[in-house]
Amino acid sequence: MRDRTRYLYLAVIVAVLAGILVGFVWPDVGKELKPLGTGFVALIKMMISPIIFCTIVLGVGSVTKAAKVGKVGGLALGYFIVMSTVALVIGLAVGNLIDPGTGLQLTDAAKEAAATEAAKGESTSTVDFLLGVIPTTLVSAFTEGQVLQTLLVALFAGFALQAMGAKATPILNGIGHIQRLVFRILAMIMWAAPVGAFGAIAAVVGATGLDALKSLAVIMAAFYLTCLLFVGVVLGALLWLVARINLWTLLRYLGREFLLILSTSSSESALPRLIAKMEHLGVSRPVVGITVPTGYSFNLDGTAIYLTMATLFVASATGSPLGFGEQVSLLLFMMIASKGAAGVTGAGLATLAGGLQTHRPELVDGVGLIVGIDRFMSEARALTNFAGNAVATVLVGTWTGEFDKERAAQVLAGHAPFDEATLLDDDEAERPEPPAAPVEREMTPAV
């Protein structure tokens, strides 16, 4: 049967173009369409917690050795720290080179907008952040939509099932069926993507207009070019050296997800599909289940570049340039503060305002200069973060020996197409790690 979803994503492209037109010609109408985009993203977010829970529980619960999970998590976190640092350095270099904030004027409206963002970005301590990872109840992580809290509960459940041995098999099979149901619901929600894309784009174009884009074109262009440089050169080279996979081939495989992110300006909208596609590509379920959700909170390459360049932009525009030492200390602080606000549209702006409020309060007013174009920069942040997490999953899978390169070659060549109807492979024999793996443990009673 032909893949009917290709028409869906053609409809998304048409909807984006129509949204731009409506936003320019009838800006007031465009702004009124914002709930369409907000509603679609909310539907996607509704599915994230159950998908993460099912994926991690099935992955961890079917692994015979707990040390394997620890190895995957340790490698992933180490990689995330290194790449965030590289992104910071690149952002600092480009920001200091082009000095994009020179000559801009700060208006009263911009100051008011900055104050609003600063209120959102109240910084929290490391202790508060760590305590915030613990949910109020076992099920509150699902109702509140907290990714890290869901990750914690899922890991506990996975390790508990792992310790149960053969008795866990019926439970794992049941969760496997729930996962299929959840992905089927997600596939149904995706048919609303054109409506959501139309409303989101029309609203932002109607609110921003063309003048703001003209006056701030330099910082936008520099940011987009820096993100392209990071993805194409740094991530591309790493992917080829470690896994011998061409970056553009992988990005083409994830083309529909990039289109979804571009239209909604949120990388979270593509998180469930990334989990499904990475498993289909040949990365084992435990690696995908741990690396992807963790990466959405800790692997924020695009956000790192944004915070760096935006800080330098604000400092230059307000006539208070930062010394090199101030740049490094302030940006490292903001990177830590941003870890709990991943995937949310506008979180980067709030983090920027909160960091400046804590370290250099006199610069907070300058955040108002960026508010008008933050939505467009948010798209580049989300696209870069998404590409970084996709590459990270393949790299961690390769380092841990949990990546089927032959399977990946077939998928990337188009010989094993992804099932868009269910977002899961119906042929379990093709899975890199079948869910039935725990059955093998029936022969080895727990000691």
Side-chain angles (χ1 to χ4, degrees), residues 9 12 37-38 40-59 76 80 141-142 144-155 179 182-190 192-193 196-197 200 250-251 253-281 283 285-303 338-348 378-379 381-394 396-397 418 420 422-424:
Y9 288 90
V12 170
T38 304
F40 174 71
V41 173
L43 284 172
I44 296 291
K45 289 182 177 181
M46 175 181 75
M47 307 306 298
I48 289 176
S49 287
I51 286 174
I52 288 177
F53 179 79
C54 292
T55 302
I56 293 178
V57 170
L58 288 173
F80 296 158
F142 301 96
E144 296 175 5
Q146 297 293 326
V147 173
L148 287 180
Q149 291 183 1
T150 304
L151 178 65
L152 179 67
V153 172
L155 285 172
Q179 184 190 49
V182 170
F183 272 115
R184 179 70 75 169
I185 295 173
L186 178 65
M188 294 166 61
I189 291 174
M190 291 308 301
L250 178 64
L251 298 186
Y253 169 64
L254 298 170
R256 294 186 176 188
E257 288 66 45
F258 281 110
L259 178 59
L260 181 62
I261 293 170
L262 188 65
S263 60
T264 62
S265 192
S266 171
S267 58
E268 251 187 12
S269 61
L271 188 155
R273 289 179 59 88
L274 179 62
I275 289 175
K277 277 203 162 182
M278 287 294 100
E279 282 192 39
H280 178 76
L281 184 65
V283 184
R285 182 172 283 160
V287 171
V288 173
I290 293 170
T291 306
V292 173
T294 307
Y296 261 69
S297 287
F298 293 95
N299 190 32
L300 305 172
D301 302 327
T303 303
S338 70
K339 298 307 182 187
V344 180
T345 303
S378 177
E379 290 172 347
R381 286 200 305 267
L383 291 169
T384 305
N385 289 342
F386 183 81
N389 284 317
V391 171
T393 305
V394 174
V396 174
F418 180 70
E420 293 284 351
T422 64
L423 305 187
L424 288 170

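In this text, all values refer to a predicted model and were calculated from it rather than measured experimentally.
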Rounded to the nearest 0.5 Å, how far apart are [atom1] of [X] and [atom2] of [Y]?
X: N389; Y: D301; atom1: CG; atom2: CG; result: 7.5 Å
X: M278; Y: L254; atom1: CE; atom2: CG; result: 4.5 Å
X: R273; Y: F418; atom1: CZ; atom2: CZ; result: 5.5 Å
X: L383; Y: R381; atom1: CG; atom2: CZ; result: 11.0 Å

Looking only at non-hydrogen atoms, find the nearest pair between [X] and [Y] and report the distance.
X: Q179; Y: C54; value: CB-CB, 3.8 Å
X: A392; Y: N299; value: CB-ND2, 4.0 Å
X: T393; Y: V287; value: O-CG1, 4.0 Å
X: F40; Y: L260; value: CE2-CD1, 3.6 Å
X: L281; Y: V394; value: CD2-CG2, 4.0 Å
X: V182; Y: P50; value: CG2-CB, 4.1 Å

Practice task
Report yes if the side chains of F80 and T291 come closer than 4.5 Å at any heavy-atom pair, otherwise no.
Solution key: yes
Problem - Flag, side chain of K277 to backbone of Y253, donor-acceptor distance under 3.5 Å - result: yes
